[in-house]
Peer 1: 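Take this structure first; my questions come after.
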There are 2 protein chains.
Amino acid sequence: MNKSRLYILKLGGSLITDKLREYTPRIDVIRRLAMEIKEGYIDDYKLIIGHGGGSFPHVSAAKYKTSLGFIDEDSKRGMSIVHYDALRLNMILLKEFLDAGLNVYTIHPSSISLSKRGKIVSIYIKPIIQLLQNDIIPLVYGDVGIDIIQGCSILSTEEIIRVLSIKLRRYYQPFIVMCGIVDGVYDKDPVKYPEANFIHEVNRLNIRRVLRYLGGSYGIDVTGGMRTKIKILYELAKYGVNSMILNCLKPGNLKSFLEGVEVKGTIVKY
Amino acid sequence: MNKSRLYILKLGGSLITDKLREYTPRIDVIRRLAMEIKEGYIDDYKLIIGHGGGSFPHVSAAKYKTSLGFIDEDSKRGMSIVHYDALRLNMILLKEFLDAGLNVYTIHPSSISLSKRGKIVSIYIKPIIQLLQNDIIPLVYGDVGIDIIQGCSILSTEEIIRVLSIKLRRYYQPFIVMCGIVDGVYDKDPVKYPEANFIHEVNRLNIRRVLRYLGGSYGIDVTGGMRTKIKILYELAKYGVNSMILNCLKPGNLKSFLEGVEVKGTIVKY
């Protein structure tokens, strides 16, 4: 029996917030994405949406050094404030998605998992499976992790969707769409070098070369760590979870993808 | 080895919100309770705080008939709106508790459980145990339930703390404090009959008589269903989880209790 396809959309923090201004959502982008998902979504596949925190939890996470765990007497309070800030952005997205007519329901990552230095080591996914069965879109987000080694840690959206995609392979055929602000991977920095070539597919034949391209200054964190993303996605591809980098600053890209129309982007497979 | 005591405080919806006015928190009461917990809490026991939804989720829950499940095309959207409304109140409490200097962290009940017509049938408590071990106070609240029979249901704070208290008996010695707006149980309606006698303890010797007292008009839902509460608490007492009804409209009551000072209230034991 063929498993149903499951698209896991990751809306990057740089896409949905102004990363340079604290607590500033890009409401116009969020609203457009909500409409694109509503219009493009056809019911022959399931959907999960995860979103980054951008300029919401990152401010408090930096202040309290949440990624380092319980390091001083403010750390526990800080952990809760980071969760609060992440929640604030989640509620903005939730509201926009509901207003667009999407049936979404938030599942809070730090409530359903335990981490070990930021890597999930235990997760409870029954409610997510139940929502998917009822054609409700589970909404997850980058959060604090309750960490069994260091008390707390940062639970990145990538880590959450990585673990969800692996766990859900039993029931679905997951495909991850990294919705960001760049077209995908080039063989050199396309801003500096107009002759840079676009790479349509990363696979076992060119992965080493691609990581080398991304290893220079071009790979430094301007796009939210493209090199790290590609490494994670390539590892997932080995488990049968393919993915795509998609520029969702370009209106219509996400809608086209969801409708099954071919769009420019870098595919990662094995 | 003696297990540590675990106090599970349930802050009633009538206590922390104005039930007659939509989306109206009683900020002064919430702030006072936060201070009383901060001042009264001594670290020879663990603490969990659960709170009702009062006039926050009840409005949308009534509008979408969430307790009945997926009954029409608005039910799924309604489920998410009820969760959103419950979250709004939770975030108000979270902020006040953090401001009072309490290390609290919200665990979202609908993310960690599955229900069957409003009764929890599966729950993931590892993050709660981890928080308790780190002396962080888990904060839970009345929420929507993801329901395996009817799609969604109401997950009452009573149901959550009932299940938590039973599950956590393995590690702790739980005691539930129902923080509400009445002193406890009387043998007749104390408002109508000034000669009514206060009942200091409900146990196996007087439980039938008490339920009979509460069966008349006095028991009708003015206090959030005292008869139902006593029945649930008495059932828990059979499992070794004792409890107390405490009037937390009276300033100082909660602080005194947490400090170990005797306060007026109805104890429920077996």
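In what follows, chains are A, B, ... by sequence order, proteins preceding strands, each numbered from 1.
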Peer 1: How long is the straight-line distance from CG of B:Leu94 back to OG of A:Ser80, given to the nearest 0.5 Å?
Peer 2: 4.5 Å
Peer 1: With a 4.5 angstrom heavy-atom cut-off, could you sort out which part of B:Ile146 is near chain A: side chain, backbone, both or neither?
Peer 2: side chain
Peer 1: What is the distance from atom CD1 of A:Ile81 to atom OH of B:Tyr105, rounded to the nearest 0.5 Å?
Peer 2: 12.0 Å
Peer 1: Which bit of B:Ile112 is near chain A, if near means a heavy-atom gap under 4.5 Å: side chain, backbone, both or neither?
Peer 2: both
Peer 1: Below 4.5 Å from any heavy atom of chain A, which atoms of B:Asn134 appear? Answer side chain, backbone, both or neither.
Peer 2: both
Peer 1: Any idea which of A:Leu114, A:Asp147, A:Leu139 has the most non-hydrogen atom pairs under 4.5 angstrom with chain B?
Peer 2: A:Leu114
Peer 1: My understanding is that only residues two or more places apart in sequence, or in another chain, count here; which of them pass side chain to side chain contact (heavy atoms under 4.5 Å, CB included) with A:Glu235?
Peer 2: A:Lys238
Peer 1: Among B:Gln130, B:Gln133, B:Lys95, B:Arg88, who wins on heavy-atom pairs under 4.5 Å with chain A?
Peer 2: B:Gln130
Peer 1: Between A:Ser111 (side chain) and B:Ser111 (backbone), is there a donor-acceptor pair under 3.5 Å?
Peer 2: no
Peer 1: I'd like to know if the side chain of A:Tyr84 pairs up with that of B:Thr106 as donor and acceptor (distance under 3.5 Å, no hydrogens or angles considered).
Peer 2: no
Peer 1: If I take atom CD1 from residue A:Ile129 and atom CD1 from residue B:Ile148, how far apart are they, to the nearest 0.5 angstrom?
Peer 2: 12.5 Å
Peer 1: Please classify the contact of B:Asn90 with chain A as side chain, backbone, both or neither, using a heavy-atom distance under 4.5 Å.
Peer 2: neither
Peer 1: Above 12 or not: heavy atoms from other molecules or residues under 6.0 Å from CG of B:Asp72?
Peer 2: yes
Peer 1: Mark yes when over 12 heavy atoms from residues, nucleotides or ligands other than A:Asp28 sit less than 6.0 Å from its CG; otherwise mark no.
Peer 2: yes
Peer 1: Just by distance, no angles: are the side chains of B:Tyr124 and A:Ser122 close enough, under 3.5 Å, to form a donor-acceptor pair?
Peer 2: yes
Peer 1: Heavy-atom distance under 4.5 Å between the side chains of A:Glu73 and B:Asn103, does that happen here?
Peer 2: no
Peer 1: Give, for atom NE2 of B:His108 and atom OG of A:Ser110, the distance between the pair rounded to the nearest 0.5 Å.
Peer 2: 6.0 Å
Peer 1: Out of A:Gly151, A:Pro127, A:Cys152, return the one with the most heavy atom pairs under 4.5 angstrom to chain B.
Peer 2: A:Pro127
Peer 1: Please look at B:Ile123 and chain A and tell me whether the side chain, the backbone, both or neither of the residue comes under 4.5 angstrom of a heavy atom of that chain.
Peer 2: backbone
Peer 1: NZ of A:Lys76 to CG of B:Leu98: how many Å apart, nearest 0.5 Å?
Peer 2: 13.5 Å
Peer 1: Check whether any side-chain N or O of B:Arg77 sits under 3.5 Å from a backbone N or O of A:Leu102 as a donor-acceptor pair, and report yes or no.
Peer 2: no
